[in-house]
Novice: 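Starting off with a structure, shown below.
Whatever order the structure lists them in is the order used to number ligands and atoms, beginning at 1.
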Amino acid sequence: MKQKKRIMAWVLVLMIAFTVYQVPDVSEAATKSVAGTWKQDSKGWYYTFKDGSGYAKDEWIRGSYVNKKGYWEKKWDGEWKSNKTGWWFQAGSWYPKNEWIQYNRKYYYFGSDGYLVTNRWIGKYYVDKDGVWTKTRSSEKPIVTPTTKQLRTPTYPAGSAVKTWGALQVKGVDLCSATGTKVQLKGVSTFGIIWDEGKNNINPDAFKTLKSWGVNTIRLAVYTEEWGGYCKNDVERSVLDQTIANGISYATKLGMYVILDWHILNDNNPNTHIVEAKQFFADYSYKYSNYDNVLYEICNEPNRGTTWADVKSYADTIIPIIRENDDDAVILVGTPQWSQRPDEAAKNPVKQKKNVMYVAHFYAATHGSDQRGYITTARNLGAPVFITECSICSADGGGSVNYTSANEWKKFINDNNLSFVEWSLSNKSESSAMIKSDCSKHSGWTDSDLKETGIYFKNWFGGN
Ligand code: IDC
């Protein structure tokens, strides 16, 4: 018993000694490649160079100032600085590069150019949007290694939706701004990004026209299995990637949100192309992890025999891949029966629920109170719902429009403050296309260029 007490006392003494006599350069990470050693005598801490060139005097040793007499005086007497490119930390003439520093009890990592790294894994360590180390994973390797380069944080124009609302978050069943106020996204979906009747409408002026109507969101429909799909060989992958990059860039410059839509359809089940999906979402969530305006729709419309169990298994695979690169982007998960059944998802939600919403689609001439019922059930069970595709004609994109049903949907959407996206920005001769077939304009559309669908939604976006 006595011996135990003695040991405890020694442990205590050692702990106190360690706390009091810590070397001035407190960050373990930052001391890794120091070309010398800190030592202590009765007057304080001094620094000796390993190469035998003597002691540091009147200089900054990696953020610690050694005075004229050769003793340590202060540490991290630096400040955060920023320019257009990013933030860095300046202490005297020194600034950290390729290394970690500890500052105010938080760890930060600086790249080879000295800029603070954000939203990224540095080996096993993840730094969040403020550059603060927040989590560690067990392995150096990501689940799927991205093949893309990460882009820097963009700026958004004053007064735009993204500038005003910032990174969206889900609270309860509601989509909210970064500060927690409820928001409504009003969007238009491109046609298949590479298809003739729509691809030319992916341009800055087209998006500007939509923005002037009150649209704050663009959905980029990246088909997977249809002609020109991401999982086919009809069009070079690099052309598809460039089209997506252009679309995101145009929307970003206007301060609009973008839904990157992995548009499964004839492949029926998202697991059909799960290998490609894993790489796609690793690549894009990495590339755009500094973009507050990108949302990921991981499977457009699971259909035919695809069950919610199938979709959930897929979602529970893809969501962690996105989350490795992006902690908080909103993720939209398609639901069975051509995304009509968020109620099924609500009964057995995905594992990682943060900022996840379930998808509902409607075509007003085909769908009505049954589908609204599924949405209500889902929300009553606590599942957030996002309508990433809708129109006012039949479910095959054709037929005539049904204004009575459309108005019921509009009321339902407004009453519940749901976000919605119209299908689609094309001039194909089908009712869901917003633009008349004989209109060859690719922006600046006026009412006479629009079909009934186009006019109906333009008025709705504008608040009528
Ligand atoms: C349709 C297009 C049509 C195209 C077809 C390909 O409008 O021109 O030939 O895809 O299969 C959806 C789908 C969406 C459909 C749309 C209309 O998500 O891809 O687009 N629709 O059928 N779900 C319900 C309707």
Side-chain angles (χ1 to χ4, degrees), residues 187-202 217-232 234-235 240 243-244 247 259-270 272-273 277 295-304 306 311 332-342 358-368 370-372 374-375 385-402 405-406 409 419-437 439 450-454 456-457:
V188 168
S189 181
T190 67
F191 200 48
I193 55 165
I194 216 69
W195 293 351
D196 282 343
E197 301 93 338
K199 67 179 180 200
N200 294 325
N201 298 331
I202 301 176
T217 303
I218 302 290
R219 178 183 189 238
L220 293 174
V222 182
Y223 277 83
T224 49
E225 177 72 22
E226 274 71 4
W227 185 91
Y230 206 84
C231 307
K232 307 284 279 190
D234 312 311
V235 175
L240 297 171
T243 308
I244 296 169
I259 298 172
L260 186 54
D261 160 35
W262 184 250
H263 201 93
I264 69 148
L265 192 60
N266 281 351
D267 28 358
N268 309 335
N269 188 322
T272 309
H273 288 302
L295 295 78
Y296 299 96
E297 183 173 0
I298 64 174
C299 52
N300 168 51
E301 289 186 352
N303 60 74
R304 305 214 181 267
T306 308
V311 182
L332 307 165
V333 183
T335 58
Q337 214 176 309
W338 290 273
S339 281
Q340 290 169 47
R341 302 305 300 264
Y358 301 97
V359 167
H361 288 175
F362 74 85
Y363 283 75
T366 307
H367 308 125
D370 283 356
Q371 282 71 20
R372 286 192 291 277
Y374 303 144
I375 295 174
V385 176
F386 192 124
I387 298 176
T388 61
E389 199 183 286
C390 64
S391 199
I392 59 173
C393 58
S394 302
D396 61 1
S400 46
V401 301
N402 182 335
S405 172
W409 275 104
S419 293
F420 67 99
V421 177
E422 198 277 336
W423 179 264
S424 70
L425 188 63
S426 95
N427 72 344
K428 187 169 175 175
S429 70
E430 59 181 4
S431 319
S432 58
M434 296 178 89
I435 305 155
K436 284 182 181 163
S437 308
C439 170
L450 300 177
K451 288 209 280 247
E452 284 175 288
T453 307
Y456 186 86
F457 278 96

Novice: Would Y223 and W195 count as a close aromatic pair, with their ring centres under 6.0 Å?
Specialist: yes
Novice: I'd like to check whether W195 has a polar contact with ligand 1, where a contact means an N/O of the residue lying under 3.5 Å from an N/O of the ligand.
Specialist: no
Novice: Tell me which one of F362, Y223, F191 gets a heavy atom nearest to atom 19 (O) of ligand 1.
Specialist: Y223
Novice: Just go through G397, G198, S394 and tell me whose heavy atom is the nearest to atom 17 (C) of ligand 1.
Specialist: G397
Novice: Please list, in number order, the atoms of ligand 1 under 4.0 Å from a heavy atom of L265.
Specialist: 11 (O), 19 (O)
Novice: May I ask which of W423, Y363, W338 has a heavy atom nearer to atom 24 (C) of ligand 1 than the others do?
Specialist: Y363
Novice: Between the side chain of S432 and the main-chain N/O of S424, is any donor-acceptor distance below 3.5 Å?
Specialist: no
Novice: Mind running side chain to side chain contact (heavy atoms under 4.5 Å, CB included) on S437 and E197 for me, showing each step along the way?
Specialist: CA-CA 9 Å; S437 308; E197 301 93 338; over 6 Å; no
Novice: Ligand 1 versus A395, non-hydrogen atoms closer than 4.0 Å: side chain, backbone, both, neither?
Specialist: backbone
Novice: Tell me whether H263 reaches ligand 1 (any heavy atom closer than 4.0 angstrom to a ligand atom).
Specialist: yes
Novice: Any idea which protein heavy atom is nearest atom 12 (C) of ligand 1, and the distance to it?
Specialist: E389 OE2, 3.0 Å
Novice: What is the distance from atom CD1 of I218 to atom CD1 of I202, rounded to the nearest 0.5 Å?
Specialist: 9.0 Å
Novice: Which residue and atom name correspond to the protein heavy atom nearest atom 23 (N) of ligand 1, and how close is it?
Specialist: E301 OE2, 2.6 Å
Novice: L220 and side-chain contact (heavy atoms from CB on, under 4.5 Å): which partner among T190, D261, T243, I259?
Specialist: T190
Novice: Does L265 offer a backbone N or O that forms a donor-acceptor pair with the side chain of N303 under 3.5 Å?
Specialist: yes
Novice: Taking T453 for the side chain and M434 for the main chain, is one N or O donor matched with an acceptor at less than 3.5 Å?
Specialist: no
Novice: Side chain, backbone, both or neither: which part of E197 has a heavy atom under 4.0 Å from ligand 1?
Specialist: neither
Novice: Work out whether the distance between some heavy atom of K428 and some atom of ligand 1 is less than 4.0 Å.
Specialist: yes
Novice: Within ligand 1, which atoms have a heavy atom of N300 less than 4.0 Å away?
Specialist: 18 (O)
Novice: With distance as the sole test, does S426 use its side chain to make a donor-acceptor pair with the main-chain N or O of G198 at under 3.5 Å?
Specialist: no
Novice: Within a distance under 4.0 Å of any heavy atom of D396, pick out the atoms of ligand 1 and give their elements.
Specialist: 17 (C), 22 (O)
Novice: Among all protein non-hydrogen atoms, which one is nearest to atom 2 (C) of ligand 1, and what is the separation to 0.1 Å?
Specialist: E430 OE2, 3.6 Å
Novice: Using modelled atom types and a 3.5 Å cut-off, is there a donor and acceptor pairing between side-chain atoms of S394 and backbone atoms of T366?
Specialist: no
